[in-house]
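Below is one structure; the comments refer to it alone.
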There are 2 protein chains.
Amino acid sequence: MNTATRKEEIVAVASSLFKEKGYNAVSMRDIAQEMGIKAASLYNHISGKQEILSTLILYLARKFTSGMQAVIDSGGTPLDKIKEVIEMHIDITVNHSEALAALNNDWMHLENEDLSNFVRMREDYEDNFRKIIKQGIEEGDLKPRHPEVILFSILSTLRTLYLWYQKRGKLDVNVLKKDMVAVLLEGIV
Amino acid sequence: MNTATRKEEIVAVASSLFKEKGYNAVSMRDIAQEMGIKAASLYNHISGKQEILSTLILYLARKFTSGMQAVIDSGGTPLDKIKEVIEMHIDITVNHSEALAALNNDWMHLENEDLSNFVRMREDYEDNFRKIIKQGIEEGDLKPRHPEVILFSILSTLRTLYLWYQKRGKLDVNVLKKDMVAVLLEGIV
DNA sequence: GTCTATATACGGATAGAC
DNA sequence: GTCTATCCGTATATAGAC
């Protein structure tokens with residue numbers, strides 16, 4: 001087992017604990033115990049607790065950023081792009097459901113450039129989504145609702161999907177995508 | 001300034017700090033400093049940090065519980081009731097936006113009966129909402145989508161409303177209610 | 001790569017003076 | 001009601017043996 005893999009293992013174990021209790025309530029001893037080693041041994045693989053958090057969060061933030069770029073480059077209508085964003089979020093949620101808790105709840109515990117980089121990526125992401133929505137309204141694809149309400153209604157749902165995707169068990173991903181797109185786009189009435 | 005008021009002030013100050021950094025990252029010294037006193041002085045008004053958290057969270061949880069009961073007793077159609085739930089969430093968000101962060105993110109740091117009471121209230125709340133949605137589908141008021149997708153789509157949006165209500169500034173509450181009900185019920189296409 | 005031992009800081013909370 | 005002083009537990013992190 002080489003160092004790279006061991007580091008990934010630490011990050012994975014930490015993700016799961018962060019999801020349960022949050023970054024500040026998880027100690028290095030907790031992480032070490034979960035891996036069957038002592039806390040001091042962790043420092044042979046990572047520089048400290050902060051590195052675990054930033055590795056975790058920035059990895060995911062880059063996934064969303066590149067995913068959004070792919071949507072922008074896809075060349076579809078605004079409506080197509082919104083569907084693609086929803087599907088992207090579901091894909092990332094299914095593949096990284098443990099780590100998404102830290103992204104959502106613990107990003108403010110990042111430090112220095114890690115924090116500012118994350119905040120910038122997040123703002124850019126929202127801006128790109130906002131532009132798609134506004135274009136959809138202009139072109140008449142979307143109803144003329146307040147763009148901010150549309151933006152945060154969809155984003156809130158997608159960002160907290162990780163909380164109940166697992167709880168509800170083996171929902172087929174494609175069924176989930178279809179239902180989610182339908183509910184978010186066409187409403188329920 | 002009597003004790004009751006002083007305690008409320010502590011809880012209010014703590015709410016704001018919990019929203020910024022989360023329960024575990026806020027120290028009693030932080031709270032005291034924000035109030036211009038020393039940490040030891042806080043203990044003349046509250047028994048400890050835990051009491052601040054539980055006061056805060058259970059107060060809000062009871063608000064949601066009684067609000068849901070009022071909706072159930074209102075005697076409207078399932079669709080009416082869903083609208084009332086949305087409006088109730090918006091009212092509580094507008095009046096308690098600072099404290100909602102702790103309710104959403106720090107409830108797992110409650111202890112003993114406080115924790116179990118909260119979890120039960122939350123489950124009951126979701127169950128009541130789920131029943132309304134299912135009844136709406138049965139009666140043909142709602143489209144026959146997966147009830148869980150509808151439930152969590154609406155709840156996710158409402159529960160994180162506190163995050164951006166302030167940021168977007170002086171949105172009129174009645175306009176917000178109207179837009180939110182429209183987007184969540186009728187969709188955007 | 002993991003261990004024991006330890007440095008150092010900070011957390012919640014209490015005692016007792018004013 | 002607030003203060004100073006302090007107890008005691010736990011946190012991150014490092015040093016050095018194996």
Side-chain angles (χ1 to χ4, degrees), chain A residues 1-58 102 105-115, chain B residues 1-58 102 105-115:
Chain A
M1 205 173 279
N2 62 30
T3 303
T5 302
R6 200 72 170 132
K7 178 177 172 182
E8 284 165 18
E9 193 184 347
I10 292 172
V11 172
V13 167
S15 298
S16 174
L17 293 173
F18 291 165
K19 183 182 179 183
E20 272 180 59
K21 306 196 289 181
Y23 176 73
N24 273 285
V26 175
S27 69
M28 296 296 275
R29 286 177 177 87
D30 291 334
I31 298 169
Q33 188 173 36
E34 193 78 11
M35 297 186 65
I37 59 177
K38 297 292 176 182
S41 306
L42 295 171
Y43 292 84
N44 264 294
H45 308 284
I46 42 112
S47 67
K49 201 182 171 189
Q50 264 293 315
E51 192 192 350
I52 300 178
L53 186 68
S54 62
T55 299
L56 188 55
I57 290 184
L58 292 178
N105 303 321
D106 292 318
W107 60 266
M108 71 282 279
H109 301 119
L110 290 171
E111 291 172 356
N112 307 322
E113 322 81 40
D114 288 336
L115 177 60
Chain B
M1 205 173 278
N2 62 31
T3 304
T5 303
R6 201 72 171 131
K7 177 177 171 181
E8 285 164 19
E9 193 184 347
I10 292 171
V11 172
V13 166
S15 299
S16 174
L17 292 173
F18 292 165
K19 183 182 179 183
E20 272 180 59
K21 305 197 288 181
Y23 177 73
N24 274 285
V26 174
S27 70
M28 296 297 275
R29 288 170 176 85
D30 292 333
I31 298 169
Q33 188 173 37
E34 193 78 10
M35 297 186 66
I37 59 177
K38 297 292 176 183
S41 307
L42 294 171
Y43 292 85
N44 264 296
H45 309 285
I46 43 112
S47 68
K49 199 182 172 190
Q50 265 293 314
E51 193 192 349
I52 301 177
L53 187 69
S54 61
T55 299
L56 187 58
I57 290 184
L58 292 178
N105 303 320
D106 291 319
W107 61 265
M108 71 282 278
H109 301 119
L110 290 171
E111 290 172 358
N112 307 322
E113 322 80 39
D114 288 336
L115 177 60

Which residues in residues 48-57 of chain A have a heavy atom closer than 4.0 Å to any atom of DNA chain D? A/Gly48, A/Lys49
Rounding to a whole Å, what distance do you find between A/His109:NE2 and D/dA11:P? 16 Å
Beyond-backbone contact of B/Leu53 with B/Trp107, side-chain heavy atoms, under 4.5 angstrom: no
Provide, to the nearest angstrom, the distance between the OH atom belonging to B/Tyr43 and the C1' atom belonging to D/dC7. 13 Å
Is the ring pair A/Tyr23/A/His109 parallel, tilted or perpendicular, if the boundaries are 30 and 60 degrees? parallel
Determine yes or no for a side-chain-to-main-chain donor-acceptor pair under 3.5 angstrom, with A/Ser15 supplying the side chain and A/Val11 the backbone. yes
Considering only heavy atoms from C-beta outward, does the side chain of A/Lys7 approach that of A/Thr55 to under 4.5 Å? yes
Tell me whether A/Lys19 contacts the main-chain N or O of A/Ala14 through its side chain, where contact means a donor paired with an acceptor under 3.5 Å. no
Strictly below 4.0 Å, heavy-atom distances to any atom of DNA chain C: list the hits from residues 17-25 of chain A, or just say none. none
How long is the straight-line distance from CZ of B/Arg29 back to CD1 of B/Ile31, given to the nearest 0.5 Å? 11.5 Å
Point-to-point distance, once rounded to the nearest 0.5 Å, from CD of B/Glu8 to NE2 of B/His45: 12.5 Å
dist B/Asn105:CG -> B/Met108:CE (nearest 0.5 Å) comes out at 7.0 Å
Round to the nearest Å and state the distance from A/Ile10 atom CD1 to D/dA13 atom P. 13 Å
Counting distance only, does the side-chain N/O of B/Ser41 pair as donor-acceptor with the main-chain N or O of B/Ile37 below 3.5 Å? no
Would a distance-only check, ignoring hydrogens and angles, find a side-chain to backbone donor-acceptor pair under 3.5 Å from B/Glu51 to B/Ser47? yes
Near-strand residues of residues 27-42 of chain B, defined as heavy-atom separation under 4.0 angstrom from DNA chain C: B/Ser27, B/Met28, B/Arg29, B/Ala40
